[in-house]
Every structure is written in C-alpha cells, then in structure tokens.
Amino acid sequence: MQTRELESPVQVSLQTKKNLYIESYGCAMNFADSEVVATILSENGYVTTLNEEDADIILINTCSIRENAEQRIRHRLMHLRANKKRNNELVIGILGCMAERLKKNLLEEEKLVDLVAGPDSYRDLPKLLNEVDDGNKSINVILSLEETYAEISPTRLNSNGVTAFVSIMRGCDNMCSFCVVPFTRGRERSRDAESILNEVRELSNLGYKEITLLGQNVDSYLWFGGGPKKEFSKLTEEEQNSSINFAALLEMVAKVDETMRIRFSTSHPKDITDEVLFTMMKHTNICKYIHLPAQSGNSRILDLMNRNYSREWYLERVARIRELMPECGISCDIISGFCTETEDDHRDTLSLIELCEFDFSYMYNYSERPGTLAARKMEDDVPMDVKSRRLQEIIQTQNNISKIKNKQKEGKIVRVLIEGSSKKSDEDLKGRSDENGIVVFPKENYKAGEYVDVLVERSTTTSLIGKVIAKVNKP
Ligand code: SAM
Ligand code: SF4
C-alpha cells in the first residue's frame, strides 16, 4: 500500500442532498478505497461539501497497523463530539481496518459512532446509511473472498490531476507474525486485469501522467478468473497457463500509454521475480524504483516474523536489482525491537541498511497488535526505551545514507514529472525523479503534468534542488 503511510489525513468532501465528508488515514490503499466509497455514494445521491462543518455524514477511513494509528482516530473522534453536539443529526461512520478489527465493540466503545463498515462492505454503505436514518446503529464487517470493486471507477479525490492510485488486488495471505492486515483485509484476491486496463485507459484519457499499481504484495498478483489466490492450485494446467501474473500485467499496463509513468507498491522480497525486473528494464515508462520492505536484517528475526526469506535472500534480490538496473531507487520498511531482538540482531539491521544503501526507509517501533501470531505466541520483550534508542540508530544510519546518495546526484540531470507547487514556496515546483526522489526547482513557465529535465545543483537528506534545463515530452 505501501502501500505507504501518507503523512496527513486527506480530507475529502462530497456535495449531496446529504453532504458527505470523508477523511482517510494510513496507507495508499485506504486513500484509494475512499475514492471507491465516493463513487458508490455519489451514485446513491450523496454530494460533496468542502467544509466539515456542513457535513450531514462524516466517514473516517481508518488504519490499525500500529497502536498509535488507532489512538489518532480515537482522538479525532473526541474532537467530533463537538460537531455532534452542534448537530445531533450528524452521522459518523468508521470504515476500514479499525472497523474490521474492532467490529461491534467500536459501536459500544465510541458512543458517537453510528456506522461501522469493513473494507469489503462498501457496496452496502447506502443501505447502512438508510438504517442509520431509521434510527438504528448499523454495521457490516463481513470479509469477502471475491470483492475487488473491479468495475467501480473511483472518484479522484483531492487529486493533483497528474498522479493516481490503481488498486490491483485486495487482502493478504502472508501472515507476517507482527501484522494485522490479513485479519482486517482478508484473503488475497486479484482484480480482473481487463478492469485494471480500463481504469488506466480512463486515467490516460483524463490526462493523468503517472499511476501507481497498489497491493499489499503486488508480485503475488494473479488473475485467473477471480476468487482467492489459494484456489489457483486447484485449476487445470490449461487454466493455470492462461492466468496473468504481475509481470504480464505490468507489461500490459505499460503499453496503454507510453507517455504515462507506471509505478507499483508494495513488493515482497520473497516474491519479486527476475521476470518483473526484466519487464521494468524493457519499458522506459516503468519507473526504476522498488519499495522492498526488509523489516529486519537478521535471519532469525525474519524467521520469527514469518517473512519467508533470509538476510542472504534479501541481499541477493537487492544485488540482482542493482546488477540489472544500477540506477534503480530502492526503499525499505524497518521494524525496530521485534520480540527477542538482541543488540547483535539490531546491528544486523544497521548493516543491512548500509549494505543495501536504500534511498530512504519508513522506520517504526514494533507495536504489538492483538490477534496476530506474535501477540498470541511471543512476548513483546524489548523495552520501549531500547526499541526507541535502536529506532533512532536506524533512522540516523538511513539518514546518513540518504544524504550521501542525494549528494552523489548533484551535477547530474534527472527527469521529473511535475506534480505541483512545492510545499515551501509557490515560486517553486516539485515533482519526482524516475527513481522516486523529490525534486524542487523554480517555477518559470512550467506546469503540473509536464516532464522536464532538471540539473541537480544542491541536495538535502530528503530532496534534490535544481533548475530545469529542458522540457521533454516523455517519461
Ligand atoms: N504489505 C507490505 C509489506 O509486506 O511490506 C506492507 C504493509 S504494512 C501496511 C506497512 C508497514 O508497516 C510494514 O512494512 C511494516 O514495516 C509496518 N508494520 C506492520 N505491522 C507493524 C507492527 N505491528 N508494528 C510496527 N510496524 C508494523
Ligand atoms: Fe502485512 Fe506481511 Fe501482508 Fe505486508 S505481506 S500486509 S506485512 S502480512
């Protein structure tokens, strides 16, 4: 997703006979899901408001990945008490992973919540909202083996008109021992390849210039007519041979519009194949960037995490990427202080970061999640102060590398897709390099959606700063 944790909640508003306001938290998958929710509800007569104060309905699409993600939602609900006091007709709904994890307990614990809907029940939202209108609390947290919302064209919310997410699969079968996702998002299932291509064509026609294919483990994508991935082994050889894997999908998507950049996230180290790497090499519009979460650099810890690869396997995959695509950007997710982690294990993580020279990483303290294998069978035995000290060392190691890697780009030319104004100044634009580096440069007459070559003049730990030397017309 990462699918990725986005920095701040996007607040989206829809105008209707009933005004609807959606907030999304957590990974990109949640943000993409909110766009599906917006379409389902707009087809049922709900319209947008840009102002939370005007809302008749507030939906919060939630994240459960770490305890602090849930605490953030609880705080938000506390603030919403004032809205409900001002307008006792206001409907408040919880969507997503926290809804799925806590189910009806959420209705009991948070009295102001009227509606709870898990990630596979969004088609049911109009009915659930009707039940609330009739004076009842409503809930649907049934997980599905088939639902992919395949034919629903997402309403692009808070869009920059340049980049968009396209979900290609849902759920996860991996059962990493620390992770709540398999419990909140259910079994892994892939979306019909044709419906993905239709969505990409539609985005191309609308002028979008970059899409990111989303899934918890995109390398595991497999379209064989629908249903859970685990059913694949029951198919005949002929049926199996006509299936579409991730490399094939990537190729089909890349061919839709060669002026459109293609990205994907997240790749699992145990599943990323040479076939995918060859496909990336073959198409200039597939960005040379891979998010490849390692979680730890120690094989014993990886085994306890049930990641199904070793330190050596991970290092080999990174070496292969660098052999085939020397300039490829690689980023990582790291967890500090997983159960039984020793100082030596931790040093293995630091050395993995140094050996792999990641462009950047998302780094977290381990947070025990109820119901996971780790919570049931292992002791969360690394004290918080030790976890946090190790996390600081991990962050410091990564920052040093990011700084050096960005410095090495000074004097070089990077191709950038312009996304919009820079955060700091309207006089500057920002975009991303092919390898996913953030690039900032003076605006002049350039516009969002254009490709430009930028000469990098300066750099920081997180960005490259330069000036445009040429406008170009392709990725
Ligand atoms: N499916 C992706 C993968 O396998 O890499 C990542 C999904 S998860 C939404 C994003 C990241 O959150 C993970 O890569 C992991 O680093 C982190 N994460 C998941 N569970 C966690 C936990 N219990 N405590 C701390 N971090 C966690
Ligand atoms: Fe969670 Fe592992 Fe699945 Fe990623 S691959 S979503 S970390 S269970």
Side-chain angles (χ1 to χ4, degrees), residues 1-6 24-33 61-71 96-98 100-101 119 165 167-189 212-221 229 246 264-272 290-297 301-309 314 317 330-339 341 349 352-353 358 360-376 378 380 382 384 387-388 390-391 394-395 398:
M1 354 331 305
Q2 193 189 19
T3 55
R4 208 54 355 269
E5 272 208 89
L6 303 182
S24 304
Y25 293 80
C27 69
M29 207 88 197
N30 261 5
F31 284 70
D33 277 2
N61 200 348
T62 59
C63 173
S64 279
I65 200 81
R66 281 166 293 278
E67 198 187 346
N68 58 12
E70 290 198 0
Q71 276 165 359
C97 289
M98 207 170 153
E100 192 62 50
R101 195 179 83 72
F165 294 129
S167 286
I168 63 164
M169 59 206 295
R170 299 184 73 80
C172 184
D173 281 352
N174 281 324
M175 300 304 276
C176 299
S177 61
F178 53 80
C179 184
V180 77
V181 168
F183 303 94
T184 58
R185 292 192 154 262
R187 301 311 299 245
E188 180 181 315
R189 62 223 107 112
T212 303
L213 304 177
L214 287 183
Q216 293 298 347
N217 177 4
V218 289
D219 303 279
S220 180
Y221 174 88
K229 168 95 182 269
F246 181 59
F264 52 88
S265 183
T266 298
S267 296
H268 196 298
K270 80 175 162 61
D271 292 317
I272 189 162
I290 299 174
H291 182 58
L292 196 68
Q295 315 298 358
S296 166
I301 294 291
L302 287 170
D303 198 35
L304 283 178
M305 287 176 162
N306 199 26
R307 289 288 288 177
N308 282 300
Y309 56 84
Y314 187 91
R317 287 287 77 199
I330 305 179
S331 58
C332 189
D333 288 353
I334 300 282
I335 296 178
S336 163
F338 186 65
C339 313
E341 187 190 74
T349 297
L352 183 102
I353 297 171
F358 299 121
F360 66 94
S361 292
Y362 299 95
M363 300 157 281
Y364 315 102
N365 274 337
Y366 170 59
S367 164
E368 186 179 83
R369 307 310 293 133
T372 57
L373 187 74
R376 284 183 285 121
M378 300 171 212
D380 181 11
V382 179
M384 186 46 93
K387 273 184 197 168
S388 296
R390 289 181 189 165
L391 181 63
I394 290 168
I395 293 172
Q398 178 58 62

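Reckoned from all heavy atoms, side chains included, excluding hydrogens, waters and symmetry mates. Each ligand, and each atom within it, is numbered from 1 in the order the structure gives.
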Top protein contact for [atom], by heavy-atom distance:
atom: atom 5 (S) of ligand 2; answer: N174 ND2, 3.3 Å
atom: atom 6 (S) of ligand 2; answer: Q216 OE1, 3.5 Å
atom: atom 3 (Fe) of ligand 2; answer: C172 SG, 2.3 Å

Minimum side-chain heavy-atom gap [X]-[Y] below 4.5 Å:
X: M305; Y: I335; result: yes
X: L292; Y: Y314; result: yes
X: T212; Y: F264; result: no

Ligand 1 contact by N217, heavy-atom criterion under 4.0 angstrom: no
Is there a heavy atom in R307 that sits closer than 4.0 Å to ligand 1? yes
Could you see which bit of [X] sits under 4.0 Å from ligand 1, with heavy atoms only: side chain, backbone, both or neither?
X: I335; value: side chain
X: P293; value: side chain
X: Q216; value: both
X: Y364; value: side chain
X: Q295; value: side chain

Short list, please: which atoms of ligand 2 are under 4.0 Å from a heavy atom of P182? 8 (S)
Note: ligand 2 atoms sitting under 4.0 Å from heavy atoms of C176 are 2 (Fe), 5 (S), 7 (S), 8 (S)
Quiz question: by atom type and distance under 3.5 Å, do the side chains of [X] and [Y] form a donor-acceptor pair?
X: E67; Y: S367; value: no
X: Q216; Y: T266; value: no
X: S361; Y: D333; value: no

Residues N217, D271; criterion side chain to side chain donor-acceptor pair (under 3.5 Å); working and verdict: CA-CA 8 Å; N217 177 4; D271 292 317; 2.8 Å; yes
So is R307 touching ligand 2 or not, going by heavy atoms under 4.0 Å? yes
Decide yes or no on side chain to side chain donor-acceptor pair (under 3.5 Å) for E188 and S220, but give the supporting numbers first. CA-CA 9 Å; E188 180 181 315; S220 180; 2.5 Å; yes
Looking at atom 1 (Fe) of ligand 2, is one of the N, O or S atoms of C179 less than 2.8 Å from it? yes
How close do F183 and T372 get, heavy atom to heavy atom, and via which atoms?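 Heavy atoms of F183 and T372 come nearest at CE1-CA, 4.0 Å.
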Working for salt bridge (charged side-chain N to carboxylate O under 4.0 Å, His left out), residues D380 and K387: CA-CA 11 Å; D380 181 11; K387 273 184 197 168; 2.9 Å; yes
Check the angle between the aromatic planes of H291 and Y362 and answer parallel, tilted or perpendicular using the 30° and 60° thresholds. perpendicular
Output yes when the distance from some N or O of ligand 1 to some N or O of I334 is under 3.5 Å, and no in every other case. no
N/O/S atom of H268 under 2.8 Å from atom 3 (Fe) of ligand 2, yes or no?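 H268 does not place any N, O or S atom closer than 2.8 Å to atom 3 (Fe) of ligand 2.
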From V181, T266, N365, T372 - option closest to atom 3 (C) of ligand 1 by heavy atom: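 Comparing heavy atoms across V181, T266, N365, T372, the nearest one to atom 3 (C) of ligand 1 lies in T266.
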